[in-house]
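Heavy atoms only: backbone and side chains are in, while hydrogens, waters and symmetry mates are out. Because the structure is a prediction, the values reported are computed rather than measured. Proteins come first, then strands; the chains are lettered A, B, ... in the order of their sequence lines, and each starts at number 1.
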Amino acid sequence: MSPSKRYHALTIDEQTCIGCTHCMKVCPTEAIRVVGGLAEIREDRCVDCGHCMRACPVKAIYVEQDDLKKIQTFKYRVVLFPAVMIGQFPEKYTEDQIYAALLKIGFTHVFEVEQPIGILKNSIKEYCRKSTTHRPHISTFCPAIVRLIQIRYPSLTENLIRRKAPHDLGAHFAISELKKQGAKEEEIGLFYVTPCNAKISSVKSPVGEKESIVDGIINMNALYNKVMKAIDTKEAPDTSSQRQNLTRDGILWSLTRGEARHFGERSMAIDGIHNVIRFLERLENEEVPNLDFLELRACDQSCAGGIMMTGNRFLTVERLERRARRYAPAWKLQNTQAVKESKELKQKLIADQIIPKPAFCLDPDRERALEKMNRAQRIICFLPGIDCGACGAPNCQALAEDMVSGTAKMSDCVFLQQMWENEGKISTSKAFRNVEKKWGEQRFQADCNKRGKRNEGF
Amino acid sequence: MKLEFNIEGGNFSWAGHASSEVKKMLKQLGIDARCIKSIVIALYEGEVNVVAHAYEGRILVQMEPHKITTEIIDKGPGIPDIELAMQEGYSTASKEVREMGFGAGMGLANMKKNTDELTIESTVGQGTTVKMVNYF
């Protein structure tokens, strides 16, 4: 897939979507509208943060994944998963038992992606040391954040660190390890287990990379269920040798401050996309002190709060922190064979430059954009400013912008319609038909089995 | 396209509001990111100046296809020596303001650096008007 075409993992199931406003209201980039009783995602604005999926009361937003059966076509079937996955299992299951369950499911090799993390860490350190023009350096770990910066903060794209993510590290490492064991590249099938939909998009259409290295993607919640079915609490074979390159730093990498703790004298970690947006606004205005490094993550508690995680995010963090204490810090593994032989691997972690893709421009022609802005400003005078969402846009300002872009009408505003009815400018039945057009026919009739009714989904 | 914002002297919690609004609109116009950055930095400095030094102020923004004009008009103590105030590091900010991380004396110099035209008119005891023009 060409890197210019963006892949989005989120899909709305039209049969399930009830046309409410939950997703539209939480979207940090105002990418969702409701049309004809169904939510629609505007691809140029979507950053794949997954907040809509979390907010949907009827689970109509889903993520496509590859069929697990696809693994059978390979001789070497590698499951690559971020260490955060281990954190969500109940503590009675040991690491060995979880690994054993993964082998039972059909994989032949198990790799956690954050290894050997020292290579990525040194590579990022080196980048930060050499590239000093755009500060603070911003981590590219979270793909939703990278996309957010591309579309909404284009002036900050140059601050993004040109290094790949741990899943690339893990994938290249797994390949080189297997090759050492005599495997041919085409015999190896790499399957990445993702904690969120943003990682899916970044694996399928990577930003700052030519093509993806992974052969398939598995949703972590789906794999969690499979592991829980296959897992055995009896003695499991000792698999610790497969984790000999895993370190404390690697296990903590995907948690909040997992990167920030390593880089720069002044570093900051921010999790939760709305918190990130508030901060980036300030950063763009140069309202912040001189920082060296910024770790920004779209989910609260970073990957432990990933949309496809099953366990409670705080319990996950707690288990991982305790797990991490049992492992050596990365610097102690500085002289292992894996790190010493890392020259080639290091080269593969360098990413292409990330280009801005601004998505909020009203018109490519500036004079017309200005004219549209003027019109939107005048329209705003007529809208109630309640931001109710009943028009199918997240707020009055967004509706006004949609109107000048030709995708919405004055009559979409239910309050304006009410006023027109009151003034005798529009018939009640016409007004009602307008509302039905937006929200679907018979959407407003009494129905005790209506989906999305009280308490459903909470 | 005209916009107007009010600024309350001494209230730092709203400093930056006008610059963020203007930034959002410039992005909608598709202005070059670097150019937006300069405008926003200068405007933010202007906002903070009013909050830190004056009693109250207004910001008038006019956007045209090829330029943006920003006027920041305040009622306040005024600037006795504009040339001196323009020097980097020169500051009359109070201790309280400095403790909040403002008042480093870079404000006006930074504004000059980030605008194409900058004019400052001031009457001691009455107030200051700063006019900035940036061309796209």
List the atom pairs, donor and acceptor, that lie under 3.5 Å between side-chain atoms in residues 31-41 of chain B and the rest of the protein, sequence neighbours left out.
from    : atom 1 : to      : atom 2 : distance (Å)
B/Asp32 : OD2    : B/Arg34 : N      : 3.2
B/Asp32 : OD2    : B/Cys35 : N      : 3.4
B/Ser38 : OG     : B/Arg34 : O      : 3.3

(request) Select one option (side chain, backbone, both, neither) describing which atoms of A/Glu371 are under 4.5 Å from chain B's heavy atoms. (result) neither
(message) Please identify, among A/Arg152, A/Glu287, A/Arg282, the residue contributing the most non-hydrogen atom pairs under 4.5 Å to chain B.
(response) A/Glu287
(message) Given heavy-atom pairs under 4.5 angstrom as the criterion, report whether the side chain, backbone, both or neither of A/Asn285 touches chain B.
(response) both
(request) Against chain B, work out which of A/Asp363, A/Asp365, A/Leu156, A/Leu370 has the most heavy-atom pairs shorter than 4.5 Å and name it. (result) A/Leu370
(message) Would the distance check show the side chain of B/Ser20 and the main-chain N or O of B/His17 forming a donor-acceptor pair, the cut-off being under 3.5 Å?
(response) no
(message) Testing the basics here: between A/Pro136 and A/Asn159, what is the closest heavy-atom pair and its distance to 0.1 Å?
(response) O-ND2, 3.0 Å
(message) Looking only at the aromatic ring of each residue, does the gap between the centers of A/His137 and A/Tyr127 stay below 6.0 angstrom?
(response) yes
(request) Let me know if A/Gln377 has heavy atoms under 4.5 Å from chain B in its side chain, its backbone, both or neither. (result) side chain
(request) Would you mind checking which part of B/Lys23 comes under 4.5 Å of any heavy atom in chain A, side chain (CB onward), backbone (N, CA, C, O), both or neither? (result) side chain
(request) In plain terms, say whether A/Arg42 and A/Asp402 are close enough for a salt bridge, that is, a side-chain N and a carboxylate O under 4.0 Å apart. (result) yes
